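Below you'll find the structure, written out as structure tokens, and then a few comments.
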Protein chains: 2
Amino acid sequence: MAGFSRFLGVLRLFTPDTAAWTVPALAEATGVPASTVYRTVRDLVAGGFLEPAAEASYRLGPAFIEFDRSLRLTDPLVVAGRPVLHDVVMQAHVPCVAMLARFYNGSVMCVADEAAADTPFRSSYERGRPMPLVRGSTSKVILAHLPTRQFNKLIENAGLDNKAEALRTELADIRKRGFCSTASEIDPGLAGISAPVILKDAGLVASLSIVAHDAGIDEGQRRRLILLVVSAASLLAEDLRHRYEAAAKATQKVA
Amino acid sequence: MAGFSRFLGVLRLFTPDTAAWTVPALAEATGVPASTVYRTVRDLVAGGFLEPAAEASYRLGPAFIEFDRSLRLTDPLVVAGRPVLHDVVMQAHVPCVAMLARFYNGSVMCVADEAAADTPFRSSYERGRPMPLVRGSTSKVILAHLPTRQFNKLIENAGLDNKAEALRTELADIRKRGFCSTASEIDPGLAGISAPVILKDAGLVASLSIVAHDAGIDEGQRRRLILLVVSAASLLAEDLRHRYEAAAKATQKVA
DNA sequence: TCATGATTATTATTTTTTGAGAATATTGAC
DNA sequence: GTCAATATTCTCAAAAAATAATAATCATGA
């Protein structure tokens, strides 16, 4: 491990479960001499990616907060998606959480969420949290629209064995219907309804979802929510398409 | 520019104002050959810190969202501070925003904020945004409690010249009173009330603030809000002190 | 005060990274 | 579909920088 991967390797050790590390611990975990790790940590601290914490230990630094804001302000998916999420929770007329998730690094990650004012629960999908790829409507919709090659590689690694064929069938069905509806696959008692937000040109594979109490919605409401999610997702995709094309044109002008 | 500073230099070019860069543009801005920048960008993309955007440009990547969540879940100031902010807006009984800011990289940055449900305005202090060091109650409280050496260096660089003495007097007053109250220094028409959250041992210099419409609060309310902010800040400091000591003890045990 | 551990500085050595240009892949226009 | 333009990766010798072992220094708590 050298160069950038050293920095990455160190940073990746700082997880919510192990939030504080001493240098000797980092050295042991990475298999790199302490003197080198000291230098690495010094660089990361100078950049704001780490900061000293209690007793010779370090934790993630405030630079991430700053970059995250930058992303919130500029990431097209987040910028275009947040008002859509707002509209969705307003029009849902049931306590619910709306959210936007995308493919990232072999898993699915929520990038924006909004809860209706009176929602008494929270979904496990929370901005920034990597989630499993093959469970929950949010993830399944994304999986269903991944490029074939990428998809094949993923289910190989997932080691589904005999379940792979059933999954393929399910995903083909999701592609055909244009949405996915599940219950209790992630959070017990909660149902998810998701629709795809795809921009093939931009390599964007995302999904828009509503999460609500499964017991709290009857068949009519469910149909209404599906319609709401599907139309919101396609509106968002259309909006993103325009932004993408505008950005492409702007780049050409500069060049 | 080489090593880690190369990565940092590239990343730091991605701001809210210039959110997308092509490699040739990055090469010119950093003064580094394109072939090297391509390699740098490839590493950053692999790490999720950048991602391809429209045309041949790149923007900040989702890794920051993930690390930011990690920080939200583990940074003691954020973890301990959020419930305090919630209590503050609940007990303010006026439309307001409560927030927590800290010293970072030569400026002041908000790390958590919460608005009362019916608040019709927003403060410029927003999670992740670097703010000026010498304007606004939030910043002044932090400045007033910075270690002397650090403080001197900062006002030297700020180039305040003849205003420096007046500032010193004002900050001494803030230290004596234990809070700072200003109006329209950042956002016209908005008043700020801030109190320090200091942990000398941990090197923590932060402040807790309320922002409200200046015209909307009379003298009695102002006194009440000052009391609220000051007591919330000292409660938070006390909480953090306990966490810090507990963390220190835990580290010793491991060692 | 001292002792202990954390951190930084110092080195020769080794390994990478670097950068110029060539080669290849992508993309958009026609 | 072809072609041209541009983006991106590859190659490789030179050069610079990172590495790691050790020593020196700095904090910190008893």
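Proteins come first, then strands; the chains are lettered A, B, ... in the order of their sequence lines, and each starts at number 1. Bear in mind the structure is a predicted one, so any value in this text is a computation, not a measurement.
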Salt-bridged, [X] to [Y], with N to O below 4.0 Å?
X: A:R241; Y: A:E238; answer: yes
X: A:E66; Y: B:R12; answer: yes
X: A:R39; Y: A:D43; answer: no

Would one find more than 12 heavy atoms of other residues, nucleotides or ligands at under 6.0 Å from atom CD of B:E28?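 Result for CD/B:E28: open.
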Identify, between B:G3 and A:P24, the residue whose nearest nucleotide on DNA chain C lies closer to the 5' end.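 Its nucleotide being nearer the 5' end, the pick is A:P24.
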Which residue lies more 5' along DNA chain C, comparing A:F4 with A:V23 via nearest heavy atoms: A:V23
Nucleotide [N], atom [atom2] - distance to [atom1] of [X] in whole Å:
X: B:R6; N: C:dT16; atom1: CZ; atom2: P; result: 17 Å
X: A:F7; N: D:dA17; atom1: CZ; atom2: P; result: 14 Å
X: A:D43; N: C:dT7; atom1: CG; atom2: P; result: 15 Å
X: B:L50; N: D:dA7; atom1: CG; atom2: P; result: 17 Å
X: B:D201; N: D:dA27; atom1: CG; atom2: P; result: 16 Å
X: B:L26; N: C:dG19; atom1: CG; atom2: P; result: 15 Å

Any side-chain N or O of A:Y58 less than 4.0 Å from the OP1 or OP2 oxygen of C:dT7?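 Answer yes for this pair, as a side-chain N or O of A:Y58 is under 4.0 Å from OP1 or OP2.
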Within residues 33-42 of chain A, those residues having any heavy atom closer than 4.0 Å to DNA chain C are A:Y38, A:R42
Counting distance only, does the side-chain N/O of A:T36 pair as donor-acceptor with the main-chain N or O of A:V32 below 3.5 Å? no
Does any N or O in the side chain of A:S207 come within less than 3.5 Å of the main-chain N or O of A:T138, such that one atom is a donor and the other an acceptor? yes
